[in-house]
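Because the structure is predicted, anything quoted here is derived from the model rather than measured.
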Amino acid sequence: MADLPAIQYTVWPADPHGHRFQVKLHIANPNPDGQVIKMPAWIPGSYLIRDFSKQIEAIDAYIAGSTKQKIALERIDNDRWRLPRNAGAVDILTTVYAFDSSVRAAYLDTERAFFNATSLCLAVEGQEDLPCSLAITPAEGAFADHWTVQTSLRAAKTDKNGFGFYLAKNFDDLIDHPVAIGEFQTVQWMSGSVPHSIAIQGCIHPIDSARLAQDLQAICNSTINLFEPKSKQPPFTHYLFLVNTVLNGYGGLEHRNSTALLCRRDQIPQANMPLEEDAYREFLGLCSHEYFHAWLVKRIKPQAFQPYHLNQRNHTRLLWLFEGFTSYYDDLQLFRSKRIDLATYLKLVTNNWNGVLRGPGRHKQSLADSSFDAWTKYYQADENTPNAVVSYYGKGALVALGLDLQIRAFSSNKKSLDDLMRLIWQRHGITLAGIGEDGLDQLILQLLGNGFTKTWNEIKARYIFGVKDIPLQKWIASTLVRVKPKPQSPLEKLKLQLGIRHTDVNGWLKITHVLDGGAAQAAGLAPGDLLASLNGQRISSGRLDKVLSNLAKEQSFALLFYRDDLEHERIVILESSQLPPQYELIPQ
């Protein structure tokens, strides 16, 4: 193409057997003082320094159009390189290892290819705002004869399978469109007069296209109607769900007008395959969550993310708003779109509520601090995480529910959290003006007036910047829903009192977490211990519930375990104070 921009990327699936992409970066006008190129260290939406440059196996610079005339390339640090002064047009060739099956990085084998540009494409420092192109070339080999390209990036000149040239407004636009290559089953529908599609890899049987289209259309329509009740138009011209199905896996990453999703094959409705409705509902919830992010996170952003600084941590105390409120609405939109009934929705709410209440870390870390420390605590979980961290997803969703209830009570049901979300969209989404760290204060008072100031300040002080439990049991005053303590069997109570999490290792129960305040911690157990017996009865994953049931009426029991291959025995004492509060919501 004669009119290609000055910055051009070409990606080859060069070595599927060795899981290597080759990437060429053409820079038409390098900085004469010595152009710096750099690989992103993290990907927006996943708040962890991942050092994508570690997967670069080779990097060389050449005079543009030549693969023989090398140019010296100075290594500055782990992520950056510098060209010589007064270098003319250049080509940078890199070989990148790609075998990360998550939605965050890059993957290549003889079955499929996938990449986010943050994992493959070097940024040209100082020229990130310039338009750029991406050329995607097909893999060589009979295995790739039927491969096609699926991406939301704007096509400029492509063949019938999608290989060819794509255009991006700038580097930020380039990295916001994941690319999937391989064989797909696809479904299309219209929501808000805009074409939507889902492209699924990994399912052996034909997918139930009609059901997927009906369910996803209803969810998308519900979210569009929330933000744009008058125009009923989304802020994009097309939307793509990219789904990779595997034996075990789950996750998603949001983008401006697409999302990359990972799920189990048995979560997708397929012909001649039994479908577990709860598993499918979980997949729909994932779709709902990431689709909601097209408004909240991708367009409504914290000021701290404007712009993203992809070679360092970008701190904000607002992830409880961006992820927590999205987590509140993802299930709520399933209910509003009639994909689930009220009883199922209330069960999802209580599962999250009770899960938060079972985490001792909620007494130590505030939601604001959880958001700020996501880079080092939430995304780098260890054996002590449940005791030190509260999830800005889980408790953030409870704050959203609590704020919704308080707004409705204050306004006599004339206003709700929906009205606040629409106001946020008008002030910070359509305008793309980022929200300051205290930016929600003004919006809430604008919506509800100064009379709501005391309530909002208490919510902030106690439940966002403080570590108090949100009193939903007091705030839920609906005639449609009743709150009561959750009835628990003796076995359920004993497990809560014990306060351990475990995994199976070659037939042994290995402790992974010991919760603060639980009977196991009081008895001196630690992560890594291998449990052997309770009151002389051998225990394993398959026998644990049976043995515990026999002890459910006891106030204490002997526990035998191994630590560093040495045998230990402790007396575990059960007390009522070891039971965290648990609730259930019941339709009236």
Side-chain angles (χ1 to χ4, degrees), residues 215 218-219 222 226 275-286 288-289 292 324-360 362 367 390-391 393-418 421 455 459 462-463 468-497 499 545 548-549 552 576-588:
D215 290 342
I219 293 166
S222 182
L226 168 65
L275 179 65
E276 184 184 341
E277 292 297 330
D278 285 348
Y280 178 52
R281 192 277 315 153
E282 186 179 28
F283 170 73
L284 292 180
L286 178 63
S288 177
H289 184 99
F292 200 90
F325 280 39
T326 301
S327 296
Y328 171 59
Y329 273 104
D330 59 22
D331 288 333
L332 184 58
Q333 296 301 80
L334 295 188
F335 173 62
R336 287 175 168 175
S337 62
K338 298 181 171 59
R339 300 308 98 186
I340 58 175
D341 59 19
L342 178 60
T344 302
Y345 171 67
L346 293 178
K347 182 178 179 181
L348 295 174
V349 174
T350 53
N351 285 345
N352 177 54
W353 187 11
N354 289 332
V356 171
L357 291 174
R358 288 194 296 269
R362 75 189 197 279
L367 273 179
V390 66
S391 168
Y393 286 87
K395 190 176 180 182
L398 299 182
V399 165
L401 172 57
L403 181 58
D404 199 356
L405 293 169
Q406 292 296 81
I407 292 174
R408 291 172 186 271
F410 177 81
S411 66
S412 301
N413 277 321
K414 294 178 181 177
K415 295 187 183 299
S416 71
L417 191 64
D418 292 352
M421 297 309 299
T455 300
I459 290 174
R462 294 177 181 177
Y463 315 123
K468 298 291 186 181
D469 288 336
I470 304 168
L472 296 178
Q473 69 276 19
K474 297 180 180 179
W475 291 356
I476 295 176
S478 171
T479 58
L480 302 176
V481 179
R482 182 162 59 96
V483 187
K484 71 174 188 176
K486 181 182 179 182
Q488 295 168 327
S489 69
L491 174 61
E492 290 173 323
K493 289 183 179 180
L494 196 155
K495 284 184 171 182
L496 288 174
Q497 288 174 294
D545 284 2
L548 287 176
S549 295
S576 59
S577 60
Q578 297 159 348
L579 279 170
Q582 299 283 273
Y583 298 95
E584 68 175 353
L585 301 176
I586 304 170
Q588 293 276 39

State, with a plain yes or no, whether a side-chain heavy atom of [X] is found less than 4.5 Å away from one of [Y].
X    : Y    : result
V483 : E584 : no
K395 : I470 : yes
F325 : M421 : yes
K484 : I586 : yes
P587 : V481 : no
Y280 : R339 : no
H289 : Y393 : yes
R336 : K338 : no

Using side-chain hydrogen bond (donor to acceptor under 3.5 Å, both in side chains), reason through N352 and Y328 one step at a time and then give a plain yes or no.
CA-CA 10 Å; N352 177 54; Y328 171 59; over 6 Å; no
Q488 and L496: side-chain contact (heavy atoms from CB on, under 4.5 Å), yes or no, with the steps?
CA-CA 10 Å; Q488 295 168 327; L496 288 174; 3.1 Å; yes
With F283 via ring-ring contact (aromatic ring centres under 6.0 Å, His included) - residues at least two apart:
none
Those residues that, when tested against F292, pass ring-ring contact (aromatic ring centres under 6.0 Å, His included) (two or more places apart)
F227, Y329
From [X] atom [atom1] to [Y] atom [atom2], the distance as rounded to the nearest 0.5 Å:
X    : Y    : atom1 : atom2 : answer
E492 : L579 : CD    : CG    : 11.0 Å
L491 : L548 : CG    : CG    : 6.0 Å
L332 : D418 : CG    : CG    : 7.0 Å
W475 : I459 : CH2   : CD1   : 4.5 Å
L401 : S327 : CG    : OG    : 12.5 Å

Sorted by chain and residue number, the side-chain hydrogen bond (donor to acceptor under 3.5 Å, both in side chains) partners of S222 (sequence neighbours excluded) come out as Q333
List in chain and number order the residues that pass side-chain hydrogen bond (donor to acceptor under 3.5 Å, both in side chains) with K347, two or more places apart in sequence or in another chain; answer none if no residue qualifies.
none
Provide the closest heavy-atom pair for [X] versus [Y] in the form atom of the first, atom of the second, distance.
X    : Y    : value
L417 : A400 : CD2-O, 3.6 Å
S288 : I219 : CB-CG2, 3.8 Å
S576 : Q497 : N-NE2, 4.0 Å

Steps toward side-chain contact (heavy atoms from CB on, under 4.5 Å) verdict (L275, E277)
CA-CA 6 Å; L275 179 65; E277 292 297 330; 4.0 Å; yes
How far apart are the C-alpha atoms of Y583 and L357, what are their side-chain angles, what is the distance that settles it, and do they pass the side-chain contact (heavy atoms from CB on, under 4.5 Å) test?
CA-CA 10 Å; Y583 298 95; L357 291 174; 3.8 Å; yes
Within the 3.5 Å criterion, strictly below it, is a donor on Y463 or D469 matched to an acceptor on the partner's side chain?
no
Any side-chain to backbone donor/acceptor pair from R408 onto K415? Under 3.5 Å, distance only.
no
Where the side chain of S549 meets the backbone of D545, is there a donor-acceptor pair that is under 3.5 Å apart?
yes
Check against side-chain contact (heavy atoms from CB on, under 4.5 Å), W353 and L585:
CA-CA 10 Å; W353 187 11; L585 301 176; 4.1 Å; yes
Pairing residues for L286 by the side chain to side chain contact (heavy atoms under 4.5 Å, CB included) criterion, not counting sequence neighbours
Y250, L261, E290
Results of side chain to side chain contact (heavy atoms under 4.5 Å, CB included) for D331 - residues two or more places apart only
R281, L334, Y345, L348
